[in-house]
Amino acid sequence: MIHELADVQTQNIGKNTSIWQFCVILNKAVIGSNCNICSNVFIENDVIIGNNVTIKNGVQIWDGITIEDDVFIGPNATFTNDFAPRSKQHPVEFSKTIIKKGASIGANSTLLCGLVVEEYSMIGAGSVVTKDIGKQELWFGNPAKHTGYICKCGKKCDASLICNECKERLR
Amino acid sequence: MIHELADVQTQNIGKNTSIWQFCVILNKAVIGSNCNICSNVFIENDVIIGNNVTIKNGVQIWDGITIEDDVFIGPNATFTNDFAPRSKQHPVEFSKTIIKKGASIGANSTLLCGLVVEEYSMIGAGSVVTKDIGKQELWFGNPAKHTGYICKCGKKCDASLICNECKERLR
Amino acid sequence: MIHELADVQTQNIGKNTSIWQFCVILNKAVIGSNCNICSNVFIENDVIIGNNVTIKNGVQIWDGITIEDDVFIGPNATFTNDFAPRSKQHPVEFSKTIIKKGASIGANSTLLCGLVVEEYSMIGAGSVVTKDIGKQELWFGNPAKHTGYICKCGKKCDASLICNECKERLR
């Protein structure tokens, strides 16, 4: 479903993906299936987005950013692709950032560029991320710091990376 | 006034409320009278907004959020309703947040979910709010901390909750 | 180029300036030439914007804000013009903020009001700016602090304000 109030220029969009009002998506972006792209989102050209991804309102995905399957990006979360921007000075190549499978990027957080955010990690709301984030790590603050681990299900856990709740479900 | 460039699906909007360009308001939202909803605001379904409320540009009001009369919500202020979001995993019920009468939520601040923000409190711009906020309390920072008190008129005051300026006016 | 999906009410726009989808620009704003105003930007009336300015998506420029030539404003960067806002209480005059020639305002940063941001300074992504910023100074954090100097070219430098790279180019 592409809402009639969105300006979607790419044709590379998978099945069952919804794109809502007042989005702008440029013509070389690649977006998977079963995604939910909420209103007022902007997606540039050199962008690959996997399947089952949620991008909440007010987010921009710039050239050089890859988002794998099952990622959640909270509202007004803000990415960058130029470490020291000056108006009308374009870097030879934009910094690459990759958000890996299942990661969650908190609401209104800010990500510096050139980062790897590993699988099923979680970044707290309002954080400023300046470093790579490891697998299932929980980070928050400004600058964001590593404060614990989080299970794939979304519950806190220890470094074993499986929470008590999941263990019980697995029995 | 509902601007013709907004997508407003609810009919529960009070008198003299203005809704500006590129807003999206879903069909069960309830909005009072004399409100000003600026451009690029998104309001979900399970939302009640009182009278004389100002919501500046780029804000989203999610299911489970109640906003009482006379509240000011600054631009790009960001709410949440899921403490540990994962894409395509929806909680049984979203966390409730209530912003009480006369409170002011600073520009680009971030509010975690399940919070009570008491009457006439003020949250500084760019804050990350992780705790309940008491009546007429001033909080700011990341995480936001309680740093003083503020009068209903917007001036700083002590714990008596009435500023010198108001006292003079009352004489 | 004014995109047909923008609502641009001013006619004071210089040559070669692009204004993209879902922008709202009120009728007294003055905007120079060769600017790039990205999608979902809001510009109020009492605003002067110079030449060669980049304003990324999701930014609002309020009454009382002046932006000189060659300024870069990152995505979702948030300005203010009222130190202690209350709904429906308007100050006699809004606080003035000036962003001087060549300055860069980082993505998702927040600026309190009444500030002077000097020439070619740089504010890091996600910062909360509460003080005036000096010429070519680099500030970041919440609250933002002065952490160094930056060359006009965007490289870090010492208090001489010229980086090694520029020196080499000048030889």
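Just the heavy atoms: all of them, side chains too, but no hydrogens, waters or symmetry mates, feed the values below. Chain letters run A, B, ... following the sequence lines, proteins first and then strands; every chain starts at 1.
Residue contact with chain C, scored on non-hydrogen atoms closer than 4.5 Å, is absent for Asp69(B). Using a 4.5 Å cut-off between heavy atoms, Leu5(C) contacts chain B through its backbone alone, with no side-chain atom that close. At a 4.5 Å heavy-atom cutoff, the contact between Lys56(B) and chain C is made by side-chain atoms alone. At a 4.5 Å heavy-atom cutoff, the contact between Asn108(C) and chain B is made by backbone and side-chain atoms alike. Proximity to chain C (any heavy atom under 4.5 Å) is shown, for Tyr120(B), by both the backbone and the side chain. Looking at Cys23(C), the atoms closer than 4.5 Å to chain B (heavy atoms on both sides) all sit in the backbone: N, CA, C or O. Of the atoms belonging to Ser39(B), it is side-chain heavy atoms, and not backbone ones, that fall under 4.5 Å from chain C.
The most heavy-atom pairs under 4.5 Å with chain C, out of Ser109(B), Ala125(B), Gly74(B), come from Ala125(B). Highest contact tally toward chain C, considering only Gly124(B), Ala103(B), Gly154(B), is held by Gly154(B) [criterion: heavy-atom pairs under 4.5 Å]. If you tally non-hydrogen atom pairs under 4.5 Å between each of Thr80(C), Thr130(C), Asn76(C), Asp82(C) and chain B, the highest count goes to Asn76(C). Heavy-atom pairs under 4.5 Å with chain C were tallied for Asp70(B), Val53(B), Asn40(B), Asn57(B); the largest tally goes to Asn57(B).
Other residues, nucleotides and ligands place more than 12 heavy atoms under 6.0 Å from the CZ atom of Phe72(B). Remark: Phe42(B) CZ is packed, more than 12 non-hydrogen atoms of other residues, nucleotides or ligands lying under 6.0 Å away.
Considering all non-hydrogen atoms of both residues, Cys151(B) and Arg86(C) come closest at O-NH2, 3.0 Å. In plain terms, the two heavy atoms of Pro75(B) and Thr78(C) that are nearest each other are O-CG2, 3.5 Å.
Residues Phe22(C) and Gln21(B) form no side-chain contact, since every pair of their non-hydrogen atoms from C-beta on lies 4.5 Å or further apart.
Residues of residues 87-100 of chain B placed with any heavy atom under 4.5 Å of a heavy atom in chain C are absent; none qualify.
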